[in-house]
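Both ligands and their constituent atoms are indexed starting at 1 by order of listing. Heavy atoms only: backbone and side chains are in, while hydrogens, waters and symmetry mates are out.
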Amino acid sequence: MTAAQSEANLSEESSGQQPQAAGAPRVRFAPSPTGYFHVGSARTALFNWLVARQSGGTFVLRIEDTDAERNREEWVDGIISAMHWLGMDPDEGPYRQSERMARYHQAIDALWEGGFLFACGCTHDEVDARNKAAGIATPGYDGHCRDLALTRDEGRALRFATPADGTTLVRDVIRGDVEFPCASMDDFVAVKASGAPLFALANVIDDIDMAITHVIRGEDLLPTTPKCILLWEALASCGWTTDGTAGPVGAPTPALPVFAHLPMLVNEARKKLSKRRDPVAVESYRDQGFLPDAFVNYLGLLGWSPPEDGVEIFTPEQMTEWFRLEDVNHSPAFFDVAKMTHVNGTYVRAMSIDAFVDACQPWLVGERAPWPDQGFDAEAFAAMAPVVQERVAVLSDVPAMVDFLFLEDPPIDEEAWAKAVAGDDGARAILVSAIDAFEALRSSWGSEALHAATLVVAEGVGRKLGKAQAPIRVAVTGRRVGPPLFEALEVLGPDRTIGRLAAALARLDAAGAA
Ligand code: GLU
Ligand code: ZN
């Protein structure tokens, strides 16, 4: 094999050689389950899913779980359930690398016999010391064992003998042609001293066996891609054949897949998103009450946008129709939580009222609800739902808007109390006069009558309506912001409204007397 063989991998050129029928793309999402499902991974899954959906192709899920120390089964469950939530169930898989070790060992044998690997017994320190003595500043393997013909003993790493010259060309649909000079690639470890295959080797063997036609993944993997290409070509020239995972057993190694490396996601400081610093867990957005379609819509804007300028809200079907891998931008994409929240609010407001009420259920009953289940009143919620729907961006905002209805004694926010009641010398007069006015409305209780009565109360103390509402709202709901006051009071009913106003008045007087 020569580096010159590292060539074309565009779909037009390779599709005829793919094992599956009709040349439909086979894409894969290949996460390593080492933590919460990262938004960047979700974006990668989406772009793969879109390519499969728009072409009658196959979306494969492969769990790259060879690193037993860092992988946990719960992370695998998290990936699968988040993909389901987002409507991106795989067509095939999950395959698991941990179950394919025997296959990797076959490939390692083939590469060894083909002369592509050599054994190396050097430690890091030995390599460093030699580099230092030779005055080489850049760290890297110096080729020491390449011609020593060491035997393949246990405890020795196997390195891949990279070509001395030439370039490995990554033809990337998004980034164009990226050249990697072979001279700057050291003889990398393909099999660790433990006998475990390098990540890129397992990855390539799987892509061959799974008949993958398009490798669509994060840009962080671009530097690994020349190794993948060298390994792929080495296997091909060893006469490596497929194991039948997808397509026939014994088919020759197919041509290289199409590569597409997606732009990285950055935060507002234009820094790469970090698991520690940034809110990146898809699970947490689900728990906050983002809607799956809105979330997918926003993910679609991370590196891509619809052909028509200014269009930012679209369905998964529209995205499937419009998406082109070659239209993906290669510059970093800002993961903007505020914008995503705004997109979600747009979706919330577009829901039918019934759909909204249904979607709210997990926040209204059960462990997420801040009130006991028996305090919840579905009819009261339904009555408030239209005004609540107008005011929330994510569903987890809902309980705070309606808790005054379902908590026996809603706690009063102390800051709100200090500002709107204790700190307002007109508050007492407003409370006294509102209690009187509302008492008179008991038999004709309704938002319009309450509104009219409160206007009279406001005039009586020389206030604008808005100013007069503040102490009433805090007394009744415990907060300074919330749904429109008179709708809220209508649903709450006269007993509780007047009772809470009276309690607030008593508290104010008790504080005054103290
Ligand atoms: N398992 C790799 C990762 O999670 C991705 C491999 C790939 O997509 O080729 O970073
Ligand atoms: Zn060595």
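Tyr141 carries Arg159 over the face of its six-membered ring, with the cationic atom under 6.0 Å from the centre and within 45° of the normal. Arg286 forms no cation-pi arrangement with Phe290, by the criterion of a distance under 6.0 Å to the ring centre and an angle within 45° of the ring axis.
Between Trp304 and Phe314, the gap from one ring centroid to the other is short of 6.0 Å. Checked against the 6.0 Å centroid criterion, the rings of Trp49 and Phe29 do not qualify as a close aromatic pair.
Neither the backbone nor the side chain of Val215 comes within 4.0 Å of ligand 1, counting heavy atoms alone.
Salt-bridge check for Asp91 with Arg28: failed, with every basic side-chain N at 4.0 Å or more from each acidic carboxylate O. At a threshold of 4.0 Å, the pair Glu64-Arg96 does not count as salt-bridged, since none of the basic side-chain nitrogens sits closer than that to a carboxylate oxygen.
When only non-hydrogen protein atoms are considered, atom 3 (C) of ligand 1 lies nearest to Ser32 OG, 3.6 Å. At the shortest separation from atom 2 (C) of ligand 1 among protein heavy atoms lies Ala30 O, 3.4 Å. Shortest contact from atom 10 (O) of ligand 1 to any protein heavy atom: Leu221 CD1, 4.0 Å. Summary of contacts: the protein heavy atom closest to atom 8 (O) of ligand 1 is Arg28 NH1, 2.9 Å.
Using a 4.0 Å cut-off to heavy atoms of Asn203, the atoms of ligand 1 that qualify are 6 (C), 7 (C), 9 (O). Every atom of ligand 1 with a heavy atom of Arg217 under 4.0 Å away is listed here by number and element: 7 (C), 8 (O), 9 (O).
Ring-plane geometry between Trp75 and Tyr36 is classed as perpendicular, the angle between the planes exceeding 60 degrees on a 0 to 90 degree scale with a lower cut at 30.
Looking only at protein N/O/S atoms, the ones less than 2.8 Å from the Zn ion (ligand 2) make 4 in total.
No more than 12 heavy-atom neighbours from other residues, nucleotides or ligands sit within 6.0 angstrom of CZ on Arg70.
Checking side-chain atoms of Asp413 against main-chain N and O of Arg479 turns up no donor-acceptor pair under 3.5 Å.
Side-chain contact annotation: Gln97 with Arg100, donor-acceptor N/O pair under 3.5 Å absent.
Ligand 1 has an N or O atom lying under 3.5 Å from an N or O atom of Glu64, backbone or side chain.
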